[in-house]
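This report concerns only the one structure given below.
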Amino acid sequence: MSDLRSLPSVDRLLADCGPLIQTHGRPAVTVALRAELATIRANRPDPLPDAREILIRVVKSMASEAQSRLRPVLNLTGTVLHTNLGRALLAESAIEAAVAAMRAPAALEFDLDSGGRGERDSHLRGLLCELTGAEDATVVNNNASAVLIVLNTLAKGREAIVSRGELIEIGGAFRMPAIMEQAGCILREVGTTNRTHAKDYLQAIGPDTGLLMKVHTSNYRIEGFTKEVSAPELALMAHQAGLPLVNDLGSGTLVDLRRWGLKPEPTVAEAVAEGADVVTFSGDKLLGGPQAGFIVGKREIITAINRNPLKRAVRMDKIRIAATEATLRLYRDPDRLADRLPTLRLLARPEPEIRAQAERLAPRVAAKLGCRVRVTDCASQIGSGALPTETIPSAGLALGPSPEALAERLRGLSTPIIGRIHNDELILDLRCLPDDAALLAAISG
Ligand SMILES: *Cc1c(COP(=O)(O)O)cnc(C)c1O
């Protein structure tokens, strides 16, 4: 049995910790020393480590502890808008705007013309109206809160009519029926999972109806024997009954994606033109900005939403308002959008370019990692619920053997590399790799 009394005291060890205290501060070093001593006491290794050995261990544990848990990773999963990896990457102009808003006071709710109080929404309203053709617009924390506040404002204590084919779960606790309940409205489901007709809505409309709702079934497709009622038809029905139509687009996009060789997603301008009174969509999905929830539509509805006390609870901060404004500005110049907006740039990267990159990198990655590496076809996805059944041809590296062990090793790098295991290989889809150097630097680290 080792004699624990021979272990050095915390005070003795602290005396030799000058540089460590410089870096991390005395309280943190003290905590780390105590933790290391406690581990040794619990395990009673024989022989006991000496003071030098204990200090080496503490230096190591403090270095790894000091790395941010939220650190940059390489997203080589093939899913461009990966929710668990933070969705959209911001454009440089958006990053600069956010940094400027963090560094200095900003005229957030201050009208520079009159010197009086201004409105936080005014920075984005004009741009949103211009880009969507809507009468008015407001912005909140994310699309989930956009849906919540719209429902609460328009149908609290009343019924919201939705097709059974559109009662989506986005993930986590975001299920349309649960959001309805939290918003204080009564879900009135109509139709069936695969087929909903105009008469289903008409029969459900009554004195307790607050609104009609259409939800973009963003993360799944119902195929086969199906029927849904189009947005223009629903708008007509709603307006005849004096009710608003709400369209939750989810991802939504401000441009026609076909221009960049992608399959089309509904644009917000289309949804507005189809007669929806309110359209909601996300900031950090296809739009390529920071997390945000946009609400565009009829002026009196937006005014009512802005007066709802919930608005304060779900409002957006100045940093994201600045970044959102800069992102929206890029949409004024669609010709240069793909050069400036990382999400679109990555989605539009041509497969031959990615394959050439894979060919270049394969031998170098094999040499660095000492494993088997071959170039492989990949099928990238947009992610975040946009075009769930569509894939984009891509290329990447397939690593083996022992993909689990390789995946763990790559996750443990100081810039972790996140891939995907498929058919007993670790697949690194290179669509989201901005340049070769980033991968080579990461595997050297
Ligand atoms: C993603 C999505 C939401 C939630 O949006 P967040 O910005 O993640 O809060 C809501 N509705 C639909 C249809 C979606 O696709």
Side-chain angles (χ1 to χ4, degrees), residues 79-90 124 128 137-152 154-155 160 162-183 185 187 189 211-222 228 231 234 245-254 257 263-268 270-272 274 276 278-297 305 310-311 313-317 320-321 323-324 327-328 343 381-390:
T79 300
V80 178
L81 294 168
H82 199 297
T83 295
N84 300 351
L85 299 179
R87 293 191 183 160
L89 310 179
L90 297 201
L124 302 173
L128 281 168
T138 186
V139 57
V140 291
N141 180 55
N142 58 4
N143 191 32
S145 41
V147 172
L148 179 73
I149 196 169
V150 166
L151 291 173
N152 180 266
L154 295 177
V162 193
S163 159
R164 288 199 168 87
E166 298 175 0
L167 291 173
I168 55 165
E169 171 179 315
I170 295 297
F174 189 90
R175 283 176 161 193
M176 202 43 86
I179 294 287
M180 295 248 171
E181 199 179 316
Q182 288 300 321
C185 51
L187 170 62
E189 306 172 27
L211 57 83
L212 264 60
M213 181 156 192
K214 183 151 190 73
V215 185
H216 182 50
T217 56
S218 47
N219 50 8
Y220 66 97
R221 287 276 178 277
I222 298 179
E228 67 172 311
L234 275 179
L245 172 68
V246 175
N247 192 346
D248 174 23
L249 278 187
S251 201
T253 165
L254 296 173
L257 294 173
K263 294 265 166 33
E265 267 275 306
T267 69
V268 181
E270 275 161 16
V272 170
E274 283 169 352
V278 191
V279 180
T280 60
F281 55 105
S282 282
D284 55 352
K285 294 184 179 173
L286 273 172
L287 198 134
Q291 180 184 301
F294 298 107
I295 309 172
V296 304
I305 288 167
L310 262 183
K311 178 74 194 302
V314 296
R315 76 179 182 185
M316 205 155 87
D317 63 282
R320 286 186 291 147
I321 288 178
T324 303
T327 306
L328 291 175
T343 299
Q381 287 191 314
I382 297 185
S384 287
L387 299 172
T389 53
E390 305 289 345

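Counting convention: from 1, in listed order, for ligands and their atoms alike. When reading the values below, keep in mind they use all heavy atoms of this one structure, side chains included, and skip hydrogens, waters and symmetry mates.
Glu181 CD: 12 or fewer foreign heavy atoms inside a 6.0 Å radius.
Rounded to the nearest 0.5 Å, atoms CZ (Arg320) and OG1 (Thr327) are 12.0 Å apart. Separating the OG atom in Ser163 from the CG atom in Leu234 is a distance of 9.0 Å, to the nearest 0.5 Å. Summarising the geometry, atom CE belonging to Met180 is positioned 7.5 Å from atom CG belonging to Leu167; distances are rounded to the nearest 0.5 Å. Separating the CG atom in Asn247 from the CD atom in Glu274 is a distance of 7.0 Å, to the nearest 0.5 Å. The OG1 atom of Thr280 sits 4.5 Å away from atom CG of Asn143, with the distance rounded to the nearest 0.5 Å.
Residue contacts with ligand 1: Glu166 is excluded, as none of its non-hydrogen atoms falls under 4.0 Å. Within the 4.0 Å heavy-atom shell around ligand 1 one does not find Met176. The closest approach between a heavy atom of Val147 and any atom of ligand 1 is not below 4.0 Å.
Polar contact check, Asp248 against ligand 1: a nitrogen or oxygen pair lies under 3.5 Å apart. Checking only distances, Ser384 never comes within under 3.5 Å of ligand 1, N or O to N or O.
Every atom of ligand 1 is numbered from 1 in the order shown, and the set under 4.0 Å from a heavy atom of Ser282 is 5 (O), 6 (P), 7 (O). In the vicinity of Lys285, heavy-atom distances shorter than 4.0 Å reach the ligand 1 atoms 1 (C), 2 (C), 3 (C), 5 (O), 14 (C), 15 (O). In summary, the atoms of ligand 1 found under 4.0 Å from a heavy atom of Arg87, numbered by their order in the structure, are 6 (P), 7 (O), 8 (O). Heavy-atom contacts of His216 reach the following atoms of ligand 1: 13 (C) (cutoff under 4.0 Å).
At the shortest separation from atom 5 (O) of ligand 1 among protein heavy atoms lies Asn143 CB, 3.1 Å. Of the protein's non-hydrogen atoms, the one nearest atom 15 (O) of ligand 1 is Ser218 OG, 2.6 Å.
By the criterion of a heavy-atom distance under 4.0 Å, neither the backbone nor the side chain of Gln291 is placed next to ligand 1. The proximity of Ile168 to ligand 1, defined as any non-hydrogen pair under 4.0 Å, is limited to the side chain.
Tested against Ser384, the residues His82, Lys285, Arg87 include a single side-chain hydrogen bond (donor to acceptor under 3.5 Å, both in side chains) partner, Arg87.
Counting only heavy atoms from C-beta outward, the side chains of Pro290 and Leu90 approach each other to under 4.5 Å. With a 4.5 Å cut-off on side-chain heavy atoms, Glu166 and Met213 do not count as touching.
Between the choices Gly293, Ala144, Gly250, the shortest heavy-atom distance to atom 12 (C) of ligand 1 belongs to Gly250.
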